[in-house]
Every structure is written in structure tokens, then in C-alpha cells.
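Have a look at the structure below, then the notes.
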Amino acid sequence: MGTQESDEQTGGTGRRALLGAAVLGAGGAVLGLSGTARAADPRHGGGRGSGVEGLPVPTVIGHRGASGHRPEHTFGAYELALDMGADIVEAGDLVPTKDGHLVCRHEPEIGGTTDVADHPEFADRKRTKLLDGISTTGWFTEDFTLAELKTLRATERIPANRPHNTLYDGRWEIPTFEEVLRWQNEQTRKRGKQVWIYPELKHPTYFRKLGLGTEERLARLLRKYGKDRKNSPVIIQSFEPTSIQRMNRLVGNPLAVLLSGAKSRPWDFVENGDPRTTADLITPEGLKEIASYAQGIGPTLDLIIPKDSAGRLTEPTTLVRDAHRAGLILHPYTMRNENPFLPADFRKGSDPDAYGDVFGAFRAYFATGIDGVFTDHPDTGVLAREDFVNS
């Protein structure tokens with residue numbers, strides 16, 4: 001998360017420092033990591049004022065909604081996340097249509113998240129494309145108008161792990177981000193408290209090369225709905241640092257740079273000939289640079305606590321400490337309840353649909369001092385936070 005230039009930049013360092021100070025350390029000793037500071041009590045909104053500073057710590061973020069319970073990026077998943085107590089809803093991963101609308105899908109390829117394959121009228125739209133250097137076959141949002149996409153319905157992305165979610169296949173259509181902004185206003189009025197959202201710009205370099213630049217489209221929508229300011233309840237994220245830098249020039253919203261595996265390179269770096277990897281971005285120097293245009297980072301959980309060759313957690317890295325020293329907050333991804341997605345030391349049995357010791361896993365990650373976490377199961381995350389805060 002980050003700030004716009006001018007007055008937001010002059011005030012950003014102090015604001016980030018306050019956030020970091022609020023969560024440095026942890027509430028106990030886990031995996032050899034000890035801490036003395038306590039997480040802010042979520043019942044009192046974190047006690048840090050308005051904007052991002054007022055969010056509970058650790059913050060529970062509904063990953064693509066309550067996607068452990070409903071097909072992801074649907075209003076069914078978004079509303080359930082709020083019902084379950086999520087502080088923020090990741091509503092949506094933003095990709096454009098052929099006619100320039102931003103819609104909410106995990107990827108531009110929609111064969112795995114909609115019923116498009118069941119529509120014979122779109123059979124000839126199936127393509128093989130190079131998406132960030134990876135050959136990908138399927139149906140892509142940029143080949144459909146919004147009207148055409150609205151004839152499709154969402155389906156469960158990982159039915160092998162979540163067969164119960166297939167019950168809801170076909171129930172919801174693909175939402176546009178403009179619809180999400182209106183929904184956010186409606187839910188804020190209905191629930192009597194501000195609803196926060198956390199959209200992600202997906203593959204911005206790829207779309208810019210197609211003439212469908214997404215940053216400007218997002219900025220226009222945020223300005224249209226008066227949600228383009230530093231205290232607006234919309235946090236913007238992307239795996240491409242230059243996209244976040246572009247957003248920093250366009251709007252005043254909080255911004256976050258997403259970080260994949262240590263050896264990976266952001267695709268904009270690949271395209272621009274920047275040799276740096278994620279490992280370079282998470283050094284003290286790299287974090288200081290990110291803090292010049294963003295308020296936070298969204299690292300993979302493995303950058304917080306690596307796993308050994310057996311998939312078990314090892315010792316935490318210094319990333320939480322280093323990011324806080326740079327004035328950044330951390331919202332890592334993604335906690336899921338099912339066995340295959342948990343560290344090996346928290347799995348129970350071998351059933352891919354069964355839940356493991358997810359509360360133990362939450363406790364281990366919360367103890368590192370992270371400021372929040374993305375989770376497919378916000379109900380579990382809220383209970384885990386309550387356990388942690390009260391321990």
C-alpha cells in the first residue's frame with residue numbers, strides 16, 4: 001500500500017512508521033521467534049485512526065471473497081466474507097474486456113473459473129497465448145465484450161479440493177469493478193460501517209501491450225466514485241512494481257507491491273531488462289525503495305517462514321523486521337484450511353479436501369508480527385486472530 005506524491009509523500013513516512021511500530025514483535029514464542037509487542041485489539045479497530053491506520057491488526061483479508069466457501073470473485077463470495085467478519089475483501093483481480101471494462105477474474109483466462117466451455121457460440125474463441133512468458137490455452141477476457149461475458153456464470157476453480165463449492169456453480173455472473181464499487185457503497189450503508197476492498201491489477205504489462213492499459217482505467221473509476229484518496233477504503237496491489245509506481249502518480253490510494261518466490265522476477269522487470277529478483281526487493285535497500293512509492297508489501301508466506309524439503313516450517317526470516325524498519329506493513333498470502341495448502345507440520349491425514357491444524361498455522365504466522373493475512377476462509381482467520389490477540 002502506498003501514497004500519491006505531494007502531501008501524501010511528506011506524511012507517508014511517519015504514517016508507515018506508526019503502522020510498523022504498532023505490530024513489531026509478536027505475542028509469544030513460536031518456532032524460536034520471541035516478541036514483546038502485542039497485536040492491536042481488533043475489537044477496537046486497531047486504535048490508530050482513520051484510513052489504513054484504523055484497520056484491525058492482524059487484518060483478516062477475504063482472499064477473492066470467502067473463496068473457501070463459494071466460487072471466487074462472485075458477489076456471493078464477497079458478501080459471505082463480510083458476513084464472516086473479514087476486515088477487507090479482495091474484490092477483485094482486475095482484467096479488461098475487449099471493450100475496455102474492468103472485470104473481476106483471477107486470471108484473464110476464464111476456462112477454469114466460468115462455464116465458457118459449455119457455450120458453443122464461444123468455441124472458436126479458444127486460443128493459445130503467451131501470458132507473461134507462459135504458453136496458456138483457453139478463453140481470455142480481452143477477446144470478449146462485457147455483454148458477452150455477462151452471459152457466462154462463475155464456477156469453482158479447484159473442485160478437487162472444494163467439491164462442496166461446486167454446489168454454487170452457475171449461480172453468479174462475472175462482476176465488473178464498477179459494480180463492485182457500487183456494491184461497496186451499498187454494503188457500507190447496509191452494515192453501518194465502512195467496507196474495505198483490495199483490488200489487484202493483473203498482468204498490467206501484458207494488457208498495456210494489447211492497448212488495454214489497466215492502471216488508467218482503474219484510476220478513472222476510483223475518481224468517478226470519489227475513492228482515489230489516501231484515506232479511501234480501497235487498497236491497490238500488483239505483482240509489478242512499475243504498475244504500482246504508475247498508480248502512485250495517478251491516485252492517492254494505499255498501495256502494495258506483491259512479492260512471489262525469492263528467485264522470481266516481476267514480469268515488468270523481465271520486459272524492461274531489470275535483472276533484479278524478488279530476493280533483491282526484500283533486502284533492506286529494496287524495501288526502502290518500495291517504501292518511496294508504496295505503504296506495504298504482500299509477500300508469499302514462504303518469504304515470512306520458509307519451508308524445508310519436507311514442506312515443514314523452518315525459522316522465520318528477517319523480512320517482517322526489515323519491512324517494518326522501512327516503514328512498510330505486510331499482508332502476506334494465502335492461508336487456506338485444506339491440507340494441501342498448509343505446511344506439512346499442520347496437515348491432518350492425506351485427504352485433499354480435509355482441514356488440517358489451520359489454527360496452529362495461523363498462530364505461527366501471526367507470531368512473526370505480520371500486519372494481516374489473505375485467507376480463503378475469513379471465518380477461520382477471525383477466530384484465529386481472536387485466539388492470538390487473547391493469548
Under 3.5 Å, is there a donor-acceptor pair linking the side chains of Thr155 and Asp115? no
Ignoring hydrogens and geometry, is there a side-chain-to-backbone donor-acceptor pair from Tyr333 to Leu259 under 3.5 Å? yes
Are the side chain of Arg217 and the backbone N or O of Gly100 linked by a donor-acceptor pair below 3.5 Å? yes
Exercise answer: donor-acceptor pairs, residues 306-313 side-chain atoms, under 3.5 Å, sequence neighbours excluded:
residue : atom : partner : partner atom : Å
Lys307  : NZ   : Asp302  : OD1          : 2.5
Asp308  : OD1  : Ala310  : N            : 2.9
Asp308  : OD1  : Gly311  : N            : 3.1
Asp308  : OD1  : Arg312  : N            : 2.9

For Pro332 and Leu301, which heavy atoms make the closest approach, and how far apart are they? CB-CD2, 3.7 Å
State whether Glu216 and Arg208 are salt-bridged, where the test is any N-O pair (Lys NZ or Arg NE/NH1/NH2 against Asp/Glu carboxylate O) under 4.0 Å. yes
Any side-chain to backbone donor/acceptor pair from Asn185 onto Arg182? Under 3.5 Å, distance only. no
Plane angle bin for Phe122 and His119 - parallel if under 30°, tilted between 30 and 60°, otherwise perpendicular: parallel
Does the distance from a Lys or Arg side-chain N to an Asp or Glu carboxylate O, for Glu109 and Lys129, drop under 4.0 Å? no
Taking the inter-plane angle between the rings of Tyr78 and Trp183 on a 0 to 90° scale, is it parallel (under 30°), tilted (30 to 60°) or perpendicular (over 60°)? tilted
Here the gap from Thr113 atom OG1 to Glu107 atom CD, rounded to the nearest 0.5 Å, amounts to 9.0 Å
Backbone of Leu221 reached by a side-chain donor or acceptor of Glu178 within 3.5 Å: no
Surrounding CZ of Arg276 (heavy atoms of other residues, nucleotides or ligands, distance under 6.0 Å), is the total greater than 12? yes
Asp93: partners by side-chain contact (heavy atoms from CB on, under 4.5 Å), with sequence neighbours left out: Arg64, His73, Glu90, His106, Glu200, Lys202
At their closest point, which heavy atom of Arg125 faces which heavy atom of Asp143, and how far apart are they? NH1-O, 3.0 Å
No-hydrogen, no-angle side-chain donor-acceptor test under 3.5 Å, His63 and Glu72: no
Expected output: side-chain Glu240 to main-chain Thr205 donor-acceptor under 3.5 Å: yes
Check whether Asp376 reaches the backbone of Asn337 with its side chain - one donor and one acceptor, N or O, closer than 3.5 Å. no
Measure from the side-chain N and O atoms of Lys227 to the backbone N and O of Leu181, and report whether any donor-acceptor pair falls under 3.5 Å. yes
Qualifying residue, where the test is ring-ring contact (aromatic ring centres under 6.0 Å, His included) with Phe374 and the options are Tyr365, Tyr198, Phe341: Tyr198
Within the side chain of Thr300, is there an N or O that forms a donor-acceptor pair under 3.5 Å with the backbone of Gly261? no
Salt bridge check: are Arg191 and Asp83 linked by an N-O gap of less than 4.0 Å? yes
Minimal non-hydrogen separation, Pro71 against Tyr168, with atom names: CD-CB, 3.7 Å
Any donor-acceptor N/O pair, Asn339 side chain to Ser350 backbone, under 3.5 Å: no
Is there a donor-acceptor pair under 3.5 Å between the side chain of Thr97 and the backbone N or O of Thr145? no
If we only count heavy atoms from C-beta on, is the Trp196 to Thr59 side-chain gap below 4.5 Å? no
To the nearest 0.5 angstrom, please state how far the OG1 atom of Thr368 sits from the CD atom of Glu315. 12.5 Å
Between Asp87 and Arg385, does at least one N-O distance fall below 4.0 Å, as a salt bridge requires? yes
Spatial distance of atom CD1 (Ile174) from atom CZ (Arg105) [nearest 0.5 Å]: 5.0 Å
SB check Glu148 Lys98 (cutoff 4.0 Å): no
Could you tell me if Glu271 and Tyr206 have a donor-acceptor pair between their side chains, going purely by distance under 3.5 Å? no
